[in-house]
Amino acid sequence: MPTRYWLMKSEPGEYSLDDLKNEPDQTEHWDGVRNYQARNFMRDDMQVGDGVLFYHSGKKPEVVGTARVVRTGYPDHTAQDPKNNHFDPKSTPENPIWFMVDIKFESEFKAPIPLKTLRDVAALKDMILLRRGNRLSVMPVTKKEFDTIVKLGGKK
DNA sequence: GCCAACGTTGGC
DNA sequence: GCCAACGTTGGC
């Protein structure tokens, strides 16, 4: 399986790249995704070693750095916790509906790249992220797109 | 805070 | 199986 590339969105107020960086092992499970398309990518397609662009949505939409997939899809246990915001009574241990992967911090961009800037880069014009009305929180990016963005960001 | 776009739900 | 109503996402 070739290395693939992904973009993962998070509200920094919920979970930011800094939060990931400050985990004891700089690794965290990506729980809380409740969208089937995003779920399928995590359950079926993401492989250990895949590259991840970490995107902050909200007031300052921008790509802030990179991470790596370190564990392939497994059931998202938060779906079975009635106290969790993302609780889904239809998901059971025997029949889990929702899945997550583990990602590990890799790099923080010297200069985060605002969404607005991404729109101005010709090599990125086909990105799913830039499509009108896009609401996917986990989506594939091509190697070209990934490399272009990493180059724009510059490693810290 | 607004609103367009989208996914999901539920009545029929 | 259709589609209106609703809730949510997320850029602006």
Side-chain angles (χ1 to χ4, degrees), chain A residues 4-23 28-46 50-69 72-103 105-142 144-154:
Chain A
R4 306 187 197 215
Y5 301 90
W6 308 91
L7 182 142
M8 296 170 103
K9 275 186 201 171
S10 183
E11 284 268 359
E14 289 289 316
Y15 196 81
S16 69
L17 181 63
D18 259 352
D19 292 333
L20 182 63
K21 188 182 170 184
N22 292 328
E23 300 289 349
E28 185 58 296
H29 47 265
W30 204 257
D31 62 78
V33 172
R34 299 291 180 268
N35 169 280
Y36 286 102
Q37 214 181 338
R39 188 275 314 262
N40 291 347
F41 287 135
M42 293 202 289
R43 187 190 60 184
D44 305 334
D45 298 325
M46 291 177 94
D50 285 1
V52 175
L53 294 170
F54 202 107
Y55 177 87
H56 283 174
S57 61
K59 286 201 185 75
K60 262 186 76 184
E62 56 191 14
V63 181
V64 290
T66 62
R68 286 277 159 194
V69 176
T72 54
Y74 61 107
D76 179 347
H77 56 80
T78 67
Q80 283 137 42
D81 175 2
K83 292 191 290 296
N84 192 279
N85 280 343
H86 305 289
F87 174 60
D88 182 352
K90 292 194 294 302
S91 191
T92 64
E94 299 74 37
N95 231 329
I97 297 175
W98 303 110
F99 286 73
M100 59 190 179
V101 298
D102 287 357
I103 64 169
F105 173 83
E106 184 171 75
S107 76
E108 188 178 356
F109 288 161
K110 225 182 301 174
I113 309 159
L115 182 61
K116 199 161 159 280
T117 305
L118 299 178
R119 294 191 190 283
D120 291 336
V121 180
L124 303 179
K125 69 174 166 50
D126 294 327
M127 278 190 85
I128 296 168
L129 179 71
L130 304 182
R131 283 186 201 154
R132 178 181 169 78
N134 166 68
R135 283 167 53 189
L136 259 187
S137 63
V138 175
M139 69 188 84
V141 302
T142 66
K144 184 179 84 172
E145 290 161 354
F146 185 89
D147 291 344
T148 301
I149 289 173
V150 168
K151 204 169 163 189
L152 279 173

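Chain identifiers are assigned alphabetically (A, B, ...) following the order of the sequence lines, protein sequences preceding nucleic acid strands; residue numbering begins at 1 within each chain.
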Provide a list of protein-nucleic acid N or O atom pairs under 3.5 angstrom, restricted to nucleotides 1-4 of chain C.
none

Checklist line | Set of salt bridge (Lys or Arg N to Asp or Glu O under 4.0 Å) partners for Lys59(A), sequence neighbours left out | finding: none
Note to self: Just to verify, what does Glu145(A) make a side-chain contact (heavy atoms from CB on, under 4.5 Å) with, not counting sequence neighbours?
What the structure shows: Leu124(A), Asp126(A), Met127(A), Val141(A), Thr142(A)
Notebook entry, point to check: Looking at residues at least two apart in the chain, or sitting in another chain, which of them share a side-chain contact (heavy atoms from CB on, under 4.5 Å) with His29(A)?
Noted result: Asp31(A), Tyr74(A), His77(A), Met100(A), Asp102(A)
Next item on the list: List the protein contact pattern of nucleotides 5-10 of chain C with one symbol per nucleotide (5' to 3'): B for base contact, S for sugar-phosphate-only contact, - for none; contact means a heavy-atom distance under 4.0 Å.
Entry: --BBBS
Item checked: Non-neighbouring partners of Tyr5(A) that pass ring pair (Phe, Tyr, Trp, His ring centres under 6.0 Å), sequence neighbours left out -> Phe146(A)
Item checked: Which residues share a side-chain contact (heavy atoms from CB on, under 4.5 Å) with Glu11(A), sequence neighbours left out -> Glu14(A), Ser57(A)
Next item on the list: Please name all residues satisfying ring pair (Phe, Tyr, Trp, His ring centres under 6.0 Å) with Phe54(A), sequence neighbours left out, ordered by chain then number.
Entry: Trp30(A), His56(A)
Checklist line | side-chain contact (heavy atoms from CB on, under 4.5 Å) partners for Ala123(A), two or more places apart | finding: Val121(A), Lys144(A), Thr148(A)
